[in-house]
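One structure is given here, and the rest of the page talks about it.
The sequence lines fix the lettering, A, B, ..., with proteins before strands; numbering per chain opens at 1.
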Number of protein chains: 2
Amino acid sequence: MGAARAEFQRTGYEAASTRKIASAAGCNPALISRYYGSKIGLFEAVMEECIDLAPLQGLPLPEMVEALADIALGKADPTGGFDPLVVAIKSSGSVEAQDVIRTKLGNPMVKQLAALIGGNNSDQKAGVILSIISGMFVGRVSVDAEALSADHDSALKELLVHAMTAVLSPDR
Amino acid sequence: MGAARAEFQRTGYEAASTRKIASAAGCNPALISRYYGSKIGLFEAVMEECIDLAPLQGLPLPEMVEALADIALGKADPTGGFDPLVVAIKSSGSVEAQDVIRTKLGNPMVKQLAALIGGNNSDQKAGVILSIISGMFVGRVSVDAEALSADHDSALKELLVHAMTAVLSPDR
DNA sequence: AAGGTAAGTCAACAGGTGATTACTTGGATA
DNA sequence: TATCCAAGTAATCACCTGTTGACTTACCTT
């Protein structure tokens, strides 16, 4: 349901009300309970849509790093304007949303990226990379820090590429 | 007010109710309006307490990086059990909380760290470092990813040190 | 045409929210 | 002692929340 995705992305799980979602979708709030059981059920359905990292498969390390940096800067749009990580961050105040986020988004993405990385500590490397991406989202979307604005994209990308390369380089 | 800090940290701004805060503090909810004007006023007062990066001043780069990595892993406790970044992340669903976070926490911390770093693009470097720290908080606290659990602290610290060093090294 | 089933609507619920108001108390000042 | 002011309390306001149950509508099958 597109309206739910948009609303969850705009305000996070807690602040998004079923009434607003339903009215944006042009339907009745009662339908949410009917079809998804509850609000958290709707959230679960929305978060099924994971970021797909398959396009990164087989890329040599420098290009993979560059692609990851683009994701961190919001330049890649793998899910058509819907950013599950933004939803996850904005929803992190809710305890019940956290469970959904961990099972539907967090651990699956770590596993997915770890498989692409391979080698020693690949889970931890993937976790750190995804943390860097998440952190950039926090800085740009939530905190809206001046230093991370799009004006400095080129400098930021260079920094991110260096950081991610340092994490992923296998020389240890 | 200690109870407010604890409650905001536990649930974020939106989900924390003035009634719960007041009852935890053993006082009347009306006192919040009286002394802080409103709930957001209380939040503003709580977020005044910024992370103090002064202890990092004058440290050579390798030690500064290590200290920052410790902060990212939650090993440093510069504000006595109160973690403004956790509050910021968990509160990022609320629009009004965002303003407070940006002005009281985000930009001040960037400036503070940028001053310690110096050199070209110090604002961006500081922003990326703080993003990495924030991201690790997201991964460990909100998403609670297995790969980032305390079991792997030594491997994680090594990765973080490499990443941060790559960001902060002046050779460019 | 009749019956059944799914889709959708509407009003109401019980509970929780932040904020305001009028009121009582306690201690200091003059 | 009488007065005043700040501190704290209790009740209440108007609003919003997710969810439920009874009801109407439309369509499809027999």
For residues 41-81 of chain A, pull every pair meeting ring-ring contact (aromatic ring centres under 6.0 Å, His included), keeping only residues two or more places apart or in separate chains. A/F8-A/F43, A/Y13-A/F43
Do the side chain of A/N107 and the main chain of B/E146 share a donor and acceptor less than 3.5 angstrom apart? yes
Residues forming a side-chain contact (heavy atoms from CB on, under 4.5 Å) with A/L31, sequence neighbours excluded: A/C27, A/N28, A/R34, A/Y35
Non-neighbouring partners of A/Y36 that pass side-chain contact (heavy atoms from CB on, under 4.5 Å), sequence neighbours left out: A/M1, A/L42, A/A45
Of A/V65, A/V128, A/L159, the one forming a side chain to side chain contact (heavy atoms under 4.5 Å, CB included) with A/M164 is A/V65
Identify the two heavy atoms, one from B/I32 and one from B/S38, that lie closest to each other, and give their separation to 0.1 Å. CG2-O, 4.2 Å
Looking at every non-hydrogen atom in both residues, tell me the closest pair between B/S91 and B/I101 and how far apart they are. CB-CD1, 4.1 Å
Looking at [atom1] of [X] and [atom2] of [Y], how far apart are the two atoms once the value is rounded to the nearest 0.5 Å?
X	Y	atom1	atom2	answer
A/I133	B/I132	CD1	CD1	11.5 Å
B/S17	B/K39	OG	NZ	7.0 Å
B/I117	B/S122	CD1	OG	6.5 Å

Quick one: how far along DNA chain D does chain A reach, first to last nucleotide 5' to 3', anything under 4.0 Å to a heavy atom? D/dT17 to D/dG21
Could you tell me, to 10°, how much the axis swings from one end of the helix from C/dA1-D/dT30 to C/dA30-D/dT1 to the other, five pairs per end? 10°
According to the salt bridge (Lys or Arg N to Asp or Glu O under 4.0 Å) rule, which pairs have a member within residues 87-97 of chain A, sequence neighbours left out? none
Taking only the side-chain nitrogens and oxygens of A/Y35, find out if one of them lies under 4.0 Å from OP1 or OP2 of C/dA6. no
Strictly below 4.0 Å, heavy-atom distances to any atom of DNA chain C: list the hits from [range], or just say none.
range	value
residues 38-46 of chain B	B/S38, B/K39
residues 14-22 of chain A	A/R19
residues 24-31 of chain B	B/A30

Across all chains, not counting sequence neighbours, the salt bridge (charged side-chain N to carboxylate O under 4.0 Å, His left out) partners of A/D83 are none
Listed by chain and number, what are the salt bridge (charged side-chain N to carboxylate O under 4.0 Å, His left out) partners of B/E66, not counting sequence neighbours? B/K157
N/O donor to acceptor pairs below 3.5 angstrom from side-chain atoms of residues 135-142 of chain A, sequence neighbours left out:
none

Between B/M64 and B/L68, is there a side-chain heavy-atom distance shorter than 4.5 Å? yes
